[in-house]
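Notes to accompany the following structure.
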Number of protein chains: 2
Amino acid sequence: METDRQIPQPSAEPPPCGAPRRGRPRSEAAELAICQAVERLMAEGGTLADLTIEGIAQAAGVGKATIYRRWPNKNALLVDVIDRLDEQMPQLPGTSVRDDLVVVMDHMRRRGLAKRSRWVLRMALEQLHSAPGLKEAYYSRVINPRRQALRSLVERGMAAGEFRSDLDSTLLAELFVGAMLLRTVIYDDATLDDPELPAMMVDSLLEGLRGPAHTSADPEPTTPVDASVSA
Amino acid sequence: METDRQIPQPSAEPPPCGAPRRGRPRSEAAELAICQAVERLMAEGGTLADLTIEGIAQAAGVGKATIYRRWPNKNALLVDVIDRLDEQMPQLPGTSVRDDLVVVMDHMRRRGLAKRSRWVLRMALEQLHSAPGLKEAYYSRVINPRRQALRSLVERGMAAGEFRSDLDSTLLAELFVGAMLLRTVIYDDATLDDPELPAMMVDSLLEGLRGPAHTSADPEPTTPVDASVSA
DNA sequence: CCGATACGAGACGTACTCGTATCGCAAATC
DNA sequence: GATTTGCGATACGAGTACGTCTCGTATCGG
């Protein structure tokens with residue numbers, strides 16, 4: 001149990017006020033090289049345990065002491081790197097919310113293809129890869145049977161005419177369960193207590209999420225503010 | 001010591017055929033206790049690294065040798081436990097595919113509430129907890145800003161009438177991006193190459209996933225059918 | 001020039017875990 | 001009863017990583 005010791009101040013940001021820092025100043029290049037090395041190693045995949053201090057130091061061409069002079073421990077370094085991540089949002093066209101949404105989701109799609117992004121979540125799942133066979137066992141035993149069963153159910157619905165049949169059954173299944181898995185796995189702060197949630201999700205998806213705007217007359221009193229705030 | 005004869009296979013399942021197994025037989029209770037201890041420790045959370053052999057042995061009240069007599073290493077034990085998991089599907093009412101789907105998703109919801117289930121995925125995310133602050137930094141820096149931005153976008157669409165406004169904006173946002181996150185994070189074998197995927201997802205969700213079955217005879221595919229189906 | 005600090009490199013101690021080996025004892029077959 | 005195997009407990013070696021410390025060198029202020 002290592003508690004994060006706060007030794008006086010090996011802090012990342014030495015206070016520029018007060019004494020003008022006698023002696024050799026800290027190399028800004030080293031600090032940059034460390035952070036960039038961490039990001040590079042993150043992009044290469046691997047689990048949290050694979051990100052060793054010595055590996056980071058070597059990748060950055062830096063001694064370990066140079067790292068520990070700036071961050072009290074490995075954890076603080078990683079948190080700091082994550083915190084400095086400049087997660088840029090995609091440029092939204094602003095023509096319609098539907099178009100903006102498509103852009104956002106295409107951004108997600110492309111980032112899903114890139115290794116570097118979503119490292120934290122990917123790292124978590126990559127941990128399964130460090131235990132050979134565990135991932136395969138879990139997927140073949142738990143994940144895939146459920147996917148298959150769900151796909152069969154969806155295909156039954158398509159054959160019965162309850163569901164649209166012009167979409168891929170796999171995609172249709174994912175559209176149905178995606179939000180639920182999101183809540184149960186990733187958004188761990190989201191509430192799951194409402195027993196009406198599944199029915200609401202299914203019926204909303206069946207009915208469609210479109211509003212009345214695509215028709216001409218719309219005397220809706222809610223004053224649609226459609227200012228192009230997409231910046 | 002002549003090591004040639006002994007122990008070619010410490011396999012988990014000693015072949016019951018052939019010789020009737022001289023000496024003391026293996027305790028079936030020990031095997032059960034081991035598996036149950038693993039499942040219990042899984043339920044308690046923690047990462048893959050927290051599941052140590054000695055911890056398992058102690059939790060099971062068993063010596064380490066008893067474990068290694070049955071499984072060649074820790075990984076095989078875990079894979080075996082995962083593989084023996086009796087993942088039962090929920091009983092489907094079968095009245096309609098929609099009702100079945102609601103049951104399936106409610107099953108997911110309830111399992112999401114239970115700690116024990118989905119251990120492998122949870123364990124992966126729990127790894128973030130082993131690095132204090134990392135999860136918080138990632139969520140506050142990456143996940144939550146995107147959630148917030150997406151929610152603002154959805155609310156803009158609701159205000160503009162493009163989207164339904166009778167649903168919670170958070171839920172609406174999750175319905176839109178759920179499937180995409182599913183593919184980018186969990187279903188890593190799913191393809192993301194199709195650049196039309198986001199538009200197809202968004203438009204399908206807007207249009208609704210219902211088929212023509214609930215009406216008598218109207219196979220028109222494009223006209224949005226708006227039956228009065230209030231939940 | 002001098003003290004102070006930073007640098008890269010790497011040795012070092014600590015702690016943890018895996019997987020093996022050993023030690024009495026227990027439970028089965030021969 | 002002798003032998004063989006399993007049992008829990010635990011010592012052991014090997015490996016890994018963290019975080020500290022030392023060494024010789026480099027760079028700052030004074």
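Here is the naming used below: chain letters follow the sequence lines, and residue numbers restart at 1 for every chain.
- Screening residues 173-186 of chain A for salt bridge (charged side-chain N to carboxylate O under 4.0 Å, His left out) gives A:Glu174-B:Arg183, A:Arg183-B:Glu174 as the qualifying pairs, with residues at least two apart or on separate chains.
- Between A:Thr66 and the phosphate of C:dG8, there is a side-chain N or O to OP1/OP2 separation shorter than 4.0 Å.
- Atom CG of A:Leu78 and atom P of D:dG19 are 10 Å apart (whole Å).
- Ring centers of B:Tyr187 and A:Tyr139: at least 6.0 Å apart, outside the cut-off.
- As a whole-Å value, the separation of A:Arg69 CZ from D:dC21 P is 13 Å.
- Taking B:Val79 as the reference, A:Leu134, A:Ala137, B:Asn75 meet the side chain to side chain contact (heavy atoms under 4.5 Å, CB included) condition, with sequence neighbours excluded.
- The distance between atom CD of B:Glu28 and atom P of D:dC7, rounded to the nearest whole Å, is 10 Å.
- Residue pairs meeting the salt bridge (charged side-chain N to carboxylate O under 4.0 Å, His left out) criterion with at least one member in residues 129-144 of chain A, sequence neighbours excluded, are A:Lys135-B:Asp188.
- Closest contact between the side chain of B:Lys74 and the listed nucleotides C:dG8, C:dG19, D:dG8 involves C:dG19.
- Rounded to the nearest 0.5 angstrom, A:Leu181 CG and A:Arg146 CZ are separated by 9.5 Å.
- Not one side-chain nitrogen or oxygen of B:Arg26 sits closer than 4.0 Å to the OP1 or OP2 atom of D:dC7.
- Nearer the 5' end of DNA chain C, as judged by each residue's closest nucleotide, is the contact made by A:Ser27, out of A:Ser27 and A:Lys64.
- For the segment residues 48-59 of chain A, no residue has any heavy atom less than 4.0 angstrom from an atom of DNA chain C.
- We find that A:Arg156 and B:Asp100 are joined by a salt bridge, their nearest charged nitrogen and carboxylate oxygen being less than 4.0 Å apart.
- Side-chain contact between B:Asp83 and A:Tyr138 is absent, with no heavy-atom pair separated by less than 4.5 Å.
- Under a 4.0 Å N-O distance rule, the pair A:Arg109/B:Asp194 does not qualify as a salt bridge.
- In this model, the phosphate group of C:dG3 is not approached by any side-chain N or O of A:Arg22 to a distance below 4.0 Å at OP1 or OP2.
- Recorded end-axis angle for the helix from C:dC1-D:dG30 to C:dC30-D:dG1 stands at 0°, based on five pairs per end and rounded to 10 degrees.
- Taking atom CG of A:Leu41 as the reference point, atom P of D:dA17 lies 13 Å away to the nearest angstrom.
- The CG atom of B:Asn73 sits 17 Å away from the P atom of D:dG15 (whole-angstrom rounding).
- Rounded to whole angstrom, the span from the CD1 atom of A:Ile67 across to the P atom of D:dC21 amounts to 17 Å.
- Contact check, B:Arg24 against D:dC7: no side-chain N or O comes under 4.0 Å of OP1 or OP2.
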Can you give the donor-acceptor pairs under 3.5 Å from side chains of residues 52-59 of chain B to other protein atoms, not counting sequence neighbours?
from	atom 1	to	atom 2	distance (Å)
B:Thr52	OG1	B:Gly55	N	2.9
B:Glu54	OE2	B:Lys64	NZ	3.2

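- Distance OH (A:Tyr68) to C1' (C:dA9): 15 Å, rounded to an integer number of Å.
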